[in-house]
Protein chains: 2
Amino acid sequence: MDAFAALDDPVRRSVLRQLRAGPQRVVDLARDHPVSRPAISRHLRHLHQAGLVQVAEQGRERHYSLRTEGLEPVAALLRELRPEAPLVTDHHLDALETEVRRTTRERRASPAPAREESA
Amino acid sequence: MDAFAALDDPVRRSVLRQLRAGPQRVVDLARDHPVSRPAISRHLRHLHQAGLVQVAEQGRERHYSLRTEGLEPVAALLRELRPEAPLVTDHHLDALETEVRRTTRERRASPAPAREESA
DNA sequence: CCAATGCGTAACCGCTGCGTTACCTTTTGT
DNA sequence: ACAAAAGGTAACGCAGCGGTTACGCATTGG
């Protein structure tokens, strides 16, 4: 089962969303979904085949977690289909970074009222 | 049929890619795929239901074209699942824009070697 | 040591999707 | 006017998927 097929199921999409919170056991995932535990097991098998989740075995428990690299085929298709030339290119960002560094350096020499300091 | 189901088929994905080149007739799409014309017709029906294509009727011909807005549900899921805090936020861009404008203004007053002038 | 817990898998069933062929309607062009 | 072209749809068979229940196995903890 590939990523496209894996995403074509509401339960599996929901499982993936739940895994954003961190690794989960099968029983945990089953508890929060309206299907049986074996059903979740099979969904996880499919998600694993698709490369969307990974497993960590710990004794009798299996901890499943998200594997976002598996989303790449889907992301690639979206990039193919929406030729959105990004409003700001890497080129621009590069030039901007240079400017910012220089400006910051200069400002440190002759201070001015700062707009943001947090984070 | 929703967008997720619509993308879960190699023929439909291929049709969408072909439509990047512009509106196409059913026969055109069928010619470039290893399935019958009625099969393409049904695929187009599904893609239409999913909001991924739109139709323009012209006499006995129907011109199908891409409708990228239909990809939004998929794009949204990707955004949900990859918490990639964008390296540069709108906030940053805003601040950068201010800096750049000011810097440009200043530089115009006291010129320095420019790195890039094109585009 | 033994019951409980966690989990995978097989078997069965119903639904849905895909491909094909056959058929029909509408439009076009000579 | 008529044949050809464009395209939608129905009917049929097949394969795959998802849900459930039943079962088996390993691990854990009192």
Side-chain angles (χ1 to χ4, degrees), chain A residues 1-19 21-67 70 73-74 77, chain B residues 1-19 21-67 70 73-74 77:
Chain A
M1 167 141 347
D2 60 286
F4 292 102
L7 293 187
D8 176 19
D9 183 285
V11 174
R12 282 194 291 267
R13 290 195 294 269
S14 176
V15 164
L16 291 176
R17 288 197 200 91
Q18 183 170 345
L19 286 180
Q24 311 258 332
R25 300 177 303 161
V26 180
V27 282
D28 298 328
L29 294 166
R31 215 187 323 274
D32 295 346
H33 288 89
V35 295
S36 65
R37 183 192 53 75
I40 295 290
S41 261
R42 189 160 47 187
H43 281 308
L44 287 169
R45 192 198 316 165
H46 292 160
L47 289 170
H48 185 69
Q49 282 180 231
L52 291 171
V53 301
Q54 50 195 357
V55 203
E57 312 212 10
Q58 286 184 23
R60 70 181 156 183
E61 300 182 354
R62 311 192 81 200
H63 295 242
Y64 284 87
S65 55
L66 213 50
R67 189 173 167 280
V74 182
L77 181 66
Chain B
M1 167 141 348
D2 59 288
F4 293 101
L7 292 187
D8 175 20
D9 184 284
V11 174
R12 282 195 290 267
R13 290 195 294 271
S14 175
V15 164
L16 290 176
R17 288 197 200 90
Q18 183 169 346
L19 286 180
Q24 310 259 332
R25 301 176 303 161
V26 179
V27 283
D28 298 328
L29 295 165
R31 214 188 324 272
D32 296 346
H33 289 89
V35 295
S36 65
R37 182 192 54 75
I40 295 290
S41 261
R42 189 161 48 188
H43 281 308
L44 287 169
R45 192 197 317 166
H46 291 160
L47 289 170
H48 186 69
Q49 284 181 230
L52 290 171
V53 301
Q54 51 194 356
V55 203
E57 313 211 12
Q58 285 185 25
R60 72 179 155 182
E61 301 181 354
R62 313 192 81 200
H63 294 242
Y64 285 87
S65 55
L66 214 50
R67 190 173 166 279
V74 182
L77 181 66

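So that the names make sense, note that chain A is the first sequence line, chain B the second, and so on, each numbered from 1. Every heavy atom of this structure was used, including side-chain atoms; hydrogens, water molecules and symmetry mates were not.
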Would you indicate which nucleotide in [options] comes nearest to any side-chain atom of [X]?
X: B/Arg62; options: C/dC18, D/dT9, D/dG8; result: D/dG8
X: A/Val11; options: D/dT9, D/dG19, D/dG7; result: D/dG19
X: B/Ala39; options: C/dG19, D/dG7, D/dT21; result: C/dG19
X: A/Val35; options: D/dT20, C/dG8, C/dT21; result: D/dT20
X: A/Arg60; options: C/dT9, D/dG8, C/dT5; result: C/dT5
X: A/His43; options: D/dG18, D/dA22, D/dG19; result: D/dG19

**OP:** Could you say whether A/Arg37 or A/Pro34 is positioned toward the 5' end of DNA chain D, judged by the nucleotide with the nearest heavy atom to each?
**Re:**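 It is A/Pro34 whose nearest nucleotide is closer to the 5' end.
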Subject >> Residue met sooner reading DNA chain D from 5', once A/Gln58 and B/Glu61 are mapped to nucleotides >> reply: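 Residue closer to the 5' terminus by nearest nucleotide: B/Glu61.
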Please state whether the phosphate of [N], meaning OP1 or OP2, lies under 4.0 angstrom from any side-chain nitrogen or oxygen of [X].
X: A/Tyr64; N: C/dG6; value: no
X: B/Ser36; N: C/dT20; value: yes
X: B/His46; N: C/dC18; value: yes
X: A/Ser41; N: C/dC7; value: no

Original post:
Any donor-acceptor pair under 3.5 Å joining the side chain of A/Arg42 to the base of D/dG19?
Top reply: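 Flag set: donor-acceptor pair detected.
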**OP:** Could you tell me whether the side chain of B/Arg12 has a donor or acceptor atom within less than 3.5 Å of a complementary atom in the base of C/dG17?
**Re:**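 Looking at the base of C/dG17, it does not pair with any donor or acceptor on the side chain of B/Arg12 (distance under 3.5 Å).
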Subject >> Donor-acceptor pair, side chain of A/Arg67 and main chain of A/Gly51, under 3.5 angstrom >> reply: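 Looks like yes, one N/O pair under 3.5 Å.
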Original post:
Taking B/Arg12 for the side chain and B/Leu7 for the main chain, is one N or O donor matched with an acceptor at less than 3.5 Å?
Top reply: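 Such a contact is absent between B/Arg12 side chain and B/Leu7 backbone.
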Original post:
Between A/Leu19 and A/Leu29, is a side chain to side chain contact (heavy atoms under 4.5 Å, CB included) present by the stated rule, with each step listed?
Top reply: CA-CA 9 Å; A/Leu19 286 180; A/Leu29 294 166; 4.1 Å; yes
**OP:** Calculate the interatomic distance between B/Asp8 atom CG and D/dG16 atom C1'; express it in whole Å.
**Re:**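 Going from B/Asp8 (CG) to D/dG16 (C1'), I get 11 Å.
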**OP:** Would you mind reporting whether A/Met1 and A/His43 have side-chain heavy atoms less than 4.5 Å apart?
**Re:**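 Heavy-atom side-chain distance check fails, nothing below 4.5 Å.
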